[in-house]
Amino acid sequence: MPIRLFDSLSRDHRELRPAHPDGVYRFYNCGPTVYAPAHIGNFRTFVVNDLLRRLLELEFGPDKIRHVRNLTDVDDKTIRRAREEARPLAEVTKQWTDKFHADCAALNCLPPHVEPTATGHIPEQVSMIETLMDKGNAYRAADGSVYFKVSSFDGYGALSRVKERELKVGSALAAKPQGQDADEKEDGSDFALWKAHKPEDGEVRWPGPRDAAPGRPGWHIECSAMSKKHLGDTIDLHTGGVDLLFPHHENEIAQSQCCNGTTFAHHWYHSEHLLVDGKKMSKSLGNLYTLDQLREMGHSPMAIRYALLMGHPRKQLNFTLDSLHAAESGLKTLRSIPVVFTQIGTLDPSETPSCDFNRFFTALKDDLNTPAALGELFQLRHDLLYRSQSSGRATLGDRREFGRALYALGFDLDIAAPTVVAPPQVITLAEQRWAAKAAKNWAEADRLRGAIAALGWSMLDRKDGYSLEPAKK
């Protein structure tokens with residue numbers, strides 16, 4: 001089964017396949033603005049993108065994927081933070097870039113193949129802006145800033161449907177100010193490509209496009225220029241959080257397609273918001289967690305990654321501390337799998353798996369259905385333990401496929417603390433008790449629980465399976 005992913009532009013599920021003759025799949029996702037630590041809402045998007053990157057590698061091969069994720073290191077937020085701390089912009093952004101990299105490594109996210117910075121691509125942005133001015137898609141304002149003329153691009157609003165709902169150039173809603181530079185615009189819907197230097201920008205400035213004032217790029221043009229530089233005029237897939245769909249991604253499409261004269265991205269994918277305890281994250285509510293804060297509470301990065309994958313990426317996920325406890329329990333259960341290949345049964349030299357791993361990968365390839373994939377993974381754990389215990393039929397193929405499944409999800413079971421593995425006799429009794437419980441043979445289930453306890457173990461039931469722990473003395 002090919003990977004099929006919802007496309008935010010066409011509103012349909014479409015197959016992912018490379019469009020370029022070299023067979024390399026070109027994949028861009030918007031990275032962080034490096035002015036503060038990223039929070040778990042940000043990391044939901046980055047973990048989902050990492051899952052997609054891993055699945056693409058398994059599908060096409062690692063050498064056939066080119067993944068670019070940018071760093072926004074100049075914008076209003078980064079400049080304001082540098083001014084507040086009386087430090088150079090580069091010093092502030094390096095601090096938070098390093099922190100972002102450390103957090104990504106802790107969550108076992110693969111680094112992108114290229115990680116461009118906005119400040120490292122000023123000439124590319126200036127060049128695009130000048131092309132847009134030459135084509136009549138952009139204009140110089142009185143203060144020396146440059147704006148994109150939305151009315152010059154007929155396709156504006158196709159991604160977000162904003163044009164159908166509310167954007168009518170010249171209308172009262174379209175003329176609603178969009179930022180502090182609204183007075184310089186010909187129309188309220190136009191957006192900044194280049195911002196003329198202002199005193200509050202301090203030393204942050206570069207020579208501008210032809211006939212424009214010195215200043216800095218607008219946020220939207222940064223991604224278009226970096227994507228063009230490292231992936232070409234047309235990319236296979238552009239991803240990000242749903243909060244970026246409008247205006248950021250809408251504006252990227254407009255400026256890129258007007259400049260390059262061709263389709264910007266064949267596929268768009270957006271992950272949904274993360275809620276915390278059923279509410280939108282905010283500092284005022286005290287529910288905006290960073291990775292460090294959760295680690296200080298005793299939660300492992302692997303459990304955080306697991307919890308962020310418990311809900312479908314295109315649906316809002318309610319993140320709670322209880323969900324982290326459930327994630328820790330799930331990881332503990334999964335750590336019993338390697339014993340199948342080392343301590344239980346005999347490895348068959350056959351490369352054919354004894355269990356059906358197709359259901360797991362089918363779930364992931366069906367629009368990144370992570371809840372279904374996790375359910376299949378626990379079913380595979382059950383099947384592997386049962387078959388190994390009863391017939392010693394675990395194969396090298398099982399080991400290979402289980403490793404691929406863990407790789408796809410990004411679960412490094414060695415990152416967390418090791419667990420004590422129950423002996424084969426206890427596992428056999430646990431499987432029998434689980435079967436008795438499924439058959440609603442409560443008397444037999446109670447008898448088997450007692451037999452497990454007599455051997456010094458406790459069996460803890462969950463909706464998706466069970467775990468075994470040494471009985472507390």
Side-chain angles (χ1 to χ4, degrees), residues 8-9 19-20 26-33 49 66-76 78 112-140 145-160 162 178-179 189-195 206 208-210 212 215-241 243-270:
S8 302
L9 181 59
H20 296 75
R26 290 158 169 80
F27 163 32
Y28 185 96
N29 76 270
C30 289
T33 301
N49 277 280
R66 185 165 176 82
H67 173 204
V68 176
R69 182 185 67 208
N70 75 293
L71 294 169
T72 297
D73 61 348
V74 58
D75 75 332
D76 293 344
T78 55
H113 297 112
V114 185
E115 192 174 49
T117 63
T119 58
H121 292 72
I122 299 296
E124 289 82 1
Q125 294 169 73
V126 168
S127 176
M128 286 192 75
I129 294 170
E130 290 179 344
T131 298
L132 290 168
M133 295 173 74
D134 291 341
K135 289 186 172 185
N137 302 112
Y139 58 90
R140 178 187 182 278
S145 298
V146 180
Y147 291 90
F148 183 87
K149 183 188 290 290
V150 168
S151 62
S152 71
F153 180 56
D154 289 339
Y156 194 86
L159 179 67
S160 62
V162 67
Q178 295 185 2
S189 62
D190 297 344
F191 58 89
L193 297 170
W194 186 262
K195 295 186 175 185
W206 290 269
R210 184 177 59 253
R216 58 187 171 93
W219 174 37
H220 310 298
I221 195 67
E222 295 176 352
C223 283
S224 286
M226 289 183 279
S227 174
K228 178 181 174 69
K229 169 75 172 179
H230 297 286
L231 295 175
D233 290 352
T234 301
I235 62 178
D236 293 301
L237 175 67
H238 196 311
T239 68
D243 56 307
L244 298 180
L245 194 149
F246 182 83
H248 184 51
H249 290 164
E250 195 75 74
N251 292 351
E252 279 190 69
I253 291 174
Q255 62 203 11
S256 292
Q257 294 190 182
C258 286
C259 177
N260 303 330
T262 188
T263 298
F264 175 41
H266 289 301
H267 205 124
W268 290 85
Y269 185 81
H270 295 89

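Count residues from 1 along the sequence.
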Trainee: Using a strict threshold of under 4.0 Å (side-chain N to carboxylate O), is an ion pair present between D76 and R216?
Mentor: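 D76 and R216: salt-bridged.
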Trainee: Verify, without hydrogens or angle tests, whether E124 (side chain) and A225 (backbone) share a donor-acceptor contact under 3.5 angstrom.
Mentor: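 Not a single qualifying donor-acceptor pair exists.
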Trainee: When you check the side-chain N and O atoms of S224 and S256, is any donor under 3.5 Å from an acceptor?
Mentor: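 Note: S224 and S256 side chains meet the donor-acceptor criterion.
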Trainee: Return the minimal non-hydrogen interatomic distance between S160 and E250, and the atom names on each side.
Mentor: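 For S160 versus E250, the nearest heavy atoms are OG-OE1, 2.6 Å.
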Trainee: Just to verify, what does T117 make a side-chain hydrogen bond (donor to acceptor under 3.5 Å, both in side chains) with, not counting sequence neighbours?
Mentor: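 side-chain hydrogen bond (donor to acceptor under 3.5 Å, both in side chains) list for T117, sorted by chain: empty.
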Trainee: Look only at the side chain of N70 and the backbone of C223, and say whether a donor-acceptor pair between them is shorter than 3.5 Å.
Mentor: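 Not confirmed, N70 side chain does not pair with C223 backbone.
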Trainee: With A138, which residues qualify under side chain to side chain contact (heavy atoms under 4.5 Å, CB included), at least two apart?
Mentor: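 Partners of A138 by the side chain to side chain contact (heavy atoms under 4.5 Å, CB included) criterion, ordered by chain and then number, come out as L132, M133, V146, L193.
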Trainee: Check R26 against D236 and note the closest heavy-atom contact, atom names and distance.
Mentor: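 Heavy atoms of R26 and D236 come nearest at N-OD2, 2.7 Å.
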Trainee: May I ask you to decide if the ring planes of Y156 and F246 are parallel, tilted or perpendicular, using 30° and 60° as cut-offs?
Mentor: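 Ring orientation, 0 to 90° scale: perpendicular.
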Trainee: Any idea which heavy atoms bring D73 and T119 closest together, and the distance?
Mentor: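 D73 and T119 have their closest heavy atoms at OD2-OG1, 2.6 Å.
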Trainee: Can E252 and H248 be counted as having a side-chain donor-acceptor contact under 3.5 angstrom?
Mentor: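 Present: a donor and an acceptor within the cut-off.
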Trainee: Shortest non-hydrogen contact from K135 to C259?
Mentor: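 It is NZ-O, 2.9 Å.
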Trainee: Measure across H230 and V114 and return the closest heavy-atom pair with its distance rounded to 0.1 Å.
Mentor: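 Shortest heavy-atom contact: ND1-CG1, 3.6 Å.
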Trainee: Using the side chain to side chain donor-acceptor pair (under 3.5 Å) rule, take D233 and T262 through it: C-alpha gap first, then chi angles, then the decisive distance, then the call.
Mentor: CA-CA 7 Å; D233 290 352; T262 188; over 6 Å; no
Trainee: Could you state the interatomic distance from NE2 (H20) to CD1 (I235), rounded to the nearest 0.5 Å?
Mentor: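 These two atoms lie 9.0 Å from each other.
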Trainee: With no hydrogens and no angle check, do the side chains of N49 and H67 hold a donor and an acceptor under 3.5 Å apart?
Mentor: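 No, because no side-chain N or O of N49 sits under 3.5 Å from a partner of the opposite role on H67.
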Trainee: Look up atom CE in M226 and atom NZ in K228, then write down how far apart they are to the nearest 0.5 Å.
Mentor: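 Reported value, rounded in 0.5 Å steps: 14.5 Å.
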Trainee: Does any non-hydrogen side-chain atom of W206 lie less than 4.5 Å from one of W194?
Mentor: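 Counting from C-beta outward, W194 and W206 do come under 4.5 Å.
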Trainee: List in chain and number order the residues that pass side-chain hydrogen bond (donor to acceptor under 3.5 Å, both in side chains) with S8, two or more places apart in sequence or in another chain; answer none if no residue qualifies.
Mentor: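 Applying side-chain hydrogen bond (donor to acceptor under 3.5 Å, both in side chains) to S8 gives H270.
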Trainee: Measuring centre to centre across the rings, with the benzene-like ring taken for any Trp, is H249 within less than 6.0 Å of H238?
Mentor: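 Under 6.0 Å, so yes.
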Trainee: Measure the spacing between OG of S145 and NZ of K195 and express it to the nearest 0.5 Å.
Mentor: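 S145 OG to K195 NZ: 8.5 Å, rounded to 0.5 Å.
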Trainee: Provide the closest heavy-atom pair for E115 versus R69 in the form atom of the first, atom of the second, distance.
Mentor: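 Scanning both residues, the minimum pair turns out to be OE2-NH2, 3.0 Å.
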Trainee: Walk me through whether W268 and L9 qualify under side-chain contact (heavy atoms from CB on, under 4.5 Å).
Mentor: CA-CA 6 Å; W268 290 85; L9 181 59; 4.1 Å; yes
Trainee: Check the side chains of D75 and T78 for a donor-acceptor pair under 3.5 angstrom, ignoring hydrogens and angles.
Mentor: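 Their side chains do contain a donor-acceptor pair, which is all the 3.5 Å distance test asks for.
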Trainee: Go through the steps to decide whether Y147 and F191 satisfy the test side-chain contact (heavy atoms from CB on, under 4.5 Å), and finish with yes or no.
Mentor: CA-CA 5 Å; Y147 291 90; F191 58 89; 5.7 Å; no
